[in-house]
Amino acid sequence: MKPQPSPLAYVPFVSVENMMRLTNAIGPETLMTELAGYIEEDFKRWPEFDKTPRVASHSRDGVIELMPTADATNYGFKYVNGHPKNMREGYQTVTAFGVLSSVANGYPVLLTEMTVLTALRTAATSALVGKYLAPKGASVMAMIGNGAQCEFQALAFRALCGITTLRLYDIDASATDKAAANLVAQGFDVVKCGSAMEAVEGAHIITTCTADKQYATILTDNLVGAGVHINAIGGDCPGKTELHRDILLRSSIFVEYPPQTRIEGEIQQLDEDHAVTELWQVMRGEAPGRTDARQITLFDSVGFAIEDFSALRYIHDRIAGSDYFTKLDMLADPDDPRDLFGMVMRAA
Ligand code: NAD
């Protein structure tokens with residue numbers, strides 16, 4: 001169902017509580033599989049979208065970003081922050097909300113929390129890309145960085161790529177203990193590891209999902225063997241990367257939107273004209289994905305607005321006719337559209 005101009009004087013609002021109810025009712029793996037379908041559909045019609053690198057406001061400790069995009073029917077944006085120090089102070093590193101609007105009259109048709117939804121859409125995107133690039137028969141994934149995104153990534157990779165064993169590593173052992181407990185409860189075979197080197201042993205897919213505002217080296221070149229797929233999601237800001245440059249030079253690199261990834265992704269370490277492949281072209285069959293069993297494929301993920309647009313579209317469709325939202329009094333609605341002032345006075 002395509003969102004239409006709302007005939008209603010309210011905007012549906014999905015709170016964190018309702019997002020959790022919806023996720024539990026559908027089941028996170030089913031939800032992320034359905035969401036991956038929306039993302040794939042939108043990637044396959046990539047040229048139809050207005051696109052711009054996200055608008056980022058950097059400060060000493062973090063970044064606040066707006067991520068807009070639109071097609072002919074809908075406009076969407078996400079507000080999102082990234083503050084690696086937050087976690088130590090008891091706050092989320094990443095928190096977000098978003099809006100979907102009708103292009104026809106500009107009215108918002110959905111306002112939703114997007115902290116949980118970002119974790120779901122990031123994992124759905126990673127696993128969707130994994131479906132195109134991971135080696136055949138992949139069952140073991142190393143997960144380096146066991147914070148907020150970790151379990152969502154694991155579940156999406158099971159649902160879409162068949163991952164059953166997870167090798168977990170975090171510099172903070174309590175994060176690994178948390179993730180291990182959650183993931184054993186979800187039926188995974190879990191191996192807790194004491195180093196990144198131990199985590200990547202025998203892994204077909206390596207997910208790096210760490211948060212640090214610096215050029216970090218989570219993976220060094222000697223840790224990456226032939227044939228693996230790397231899902232690098234933590235390096236997503238200028239000055240914030242996870243992989244040693246030599247890995248990039250040995251990999252076939254796949255990206256969302258090059259003008260944004262060249263600023264924020266792992267490839268900020270490379271020359272501006274270093275060849276990368278755009279994922280939408282792989283999904284449309286216009287560019288090759290994995291072509292050889294020994295190839296190292298790298299998804300240099302930074303998170304692009306179209307993934308959030310797909311997530312907003314999905315939630316809008318999913319809450320129709322349900323009670324997973326509340327009605328927000330966010331649209332002024334005078335009987336005479338020109339009598340906004342009279343409406344205010346009559347309310348006195
Ligand atoms: P989080 O703070 O909850 O977890 C990050 C974890 O990384 C922490 O447990 C921390 O101890 C660990 N870590 C830090 N340095 C490490 C190192 N050198 N080795 C091993 N572990 C290390 O953060 P999160 O919400 O899980 O997000 C993780 C990263 O993913 C952030 O950088 C965030 O900006 C990024 N992110 C990317 C996307 C995307 O679309 N690409 C989406 C959401 C989040």
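Given the structure is predicted, the values throughout are model-derived calculations rather than measurements. For ligands, and for the atoms within them, numbers begin at 1 and follow the listed sequence. We use all heavy atoms of the structure for the numbers below, so side chains are in, but hydrogens, waters and symmetry mates are not.
Nearest protein heavy-atom neighbour of atom 7 (O) of ligand 1: Thr210 CA, 3.4 Å. The nearest heavy-atom contact from the protein to atom 4 (O) of ligand 1 is Gly147 CA, 3.2 Å. In terms of protein heavy-atom proximity, atom 3 (O) of ligand 1 is closest to Ala148 N, 2.9 Å. The protein heavy atom nearest to atom 32 (O) of ligand 1 is Lys240 NZ, 2.8 Å. Of all protein heavy atoms, the one lying nearest to atom 17 (C) of ligand 1 is Ile218 CD1, 3.6 Å. Nearest protein neighbour of atom 25 (O) of ligand 1, counting heavy atoms only, is Gln149 NE2, 2.9 Å. At the top of the distance list for atom 34 (O) of ligand 1, counting protein heavy atoms only, stands Asp236 OD2, 2.8 Å. Among protein heavy atoms, the minimum distance from atom 28 (C) of ligand 1 is reached at Cys209 O, 3.5 Å.
For ligand 1, the atoms sitting less than 4.0 Å from at least one non-hydrogen atom of Ala175 are 9 (O), numbered in the order shown with element in parentheses. Those atoms of ligand 1 that come under 4.0 Å of a heavy atom in Arg121, given as number and element, are 40 (O). Below 4.0 Å from some heavy atom of Val302 lie the following atoms of ligand 1, by number and element: 39 (C), 40 (O), 41 (N). The Thr93 neighbourhood of ligand 1 comprises atoms 1 (P), 2 (O), 23 (O), with distances under 4.0 Å to a heavy atom of that residue.
Of the N and O atoms on the side chains of Ser174 and Asp172, at least one donor lies less than 3.5 Å from an acceptor on the other residue. Glu256 and Thr261 are not linked by any side-chain donor-acceptor pair at a separation below 3.5 angstrom, with hydrogens and angles left out of the test.
Contact annotation: for Thr122 versus ligand 1, heavy atoms closer than 4.0 Å belong to the side chain alone.
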| message | Is there a ring-ring contact (aromatic ring centres under 6.0 Å, His included) between Phe309 and Phe49? Walk through the geometry before answering. | response | CA-CA 10 Å; Phe309 180 97; Phe49 286 91; 5.1 Å; yes

| said: Run the side chain to side chain donor-acceptor pair (under 3.5 Å) test on Gln260 and Glu264 for me, step by step, so that the C-alpha distance in whole Å, both residues' side-chain angles and the decisive distance to 0.1 Å come before the verdict. | reply: CA-CA 6 Å; Gln260 182 177 312; Glu264 302 179 351; 3.1 Å; yes

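Taking any N or O of Ile233, backbone or side chain, at least one lies under 3.5 Å from an N or O belonging to ligand 1. At least one N or O atom of Ser301, backbone or side chain, sits closer than 3.5 Å to an N or O atom of ligand 1.
More than 12 heavy atoms of other residues, nucleotides or ligands shown are found within 6.0 angstrom of CE on Met343. Within 6.0 Å of the CG atom in Asp336, the count of heavy atoms belonging to other residues, nucleotides or ligands exceeds 12. Within 6.0 Å of atom NZ in Lys85, more than 12 heavy atoms from other residues, nucleotides or ligands are found, so the atom counts as buried in its surroundings.
Across Thr261, Asp172, Asp170, heavy-atom proximity to atom 11 (O) of ligand 1 is greatest for Asp170. Nearest-residue assignment for atom 15 (N) of ligand 1 (options Thr208, Ile171, Leu168; heavy-atom criterion): Ile171.
Each of Phe299, Trp46, Trp280 was scored for a ring-ring contact (aromatic ring centres under 6.0 Å, His included) with Phe304, with one residue passing: Trp46.
Distances shorter than 4.0 angstrom do not occur between any heavy atom of Gln92 and any atom of ligand 1.
Interatomic distance, OG1 of Thr207 versus NE2 of His229, reported as 7.0 Å (0.5 Å rounding).
Checked against the 6.0 Å centroid threshold, Tyr314 and Tyr38 count as a close aromatic pair.
Closest approach of Ile267 to Asp300, counting heavy atoms only: N-OD2, 3.0 Å.
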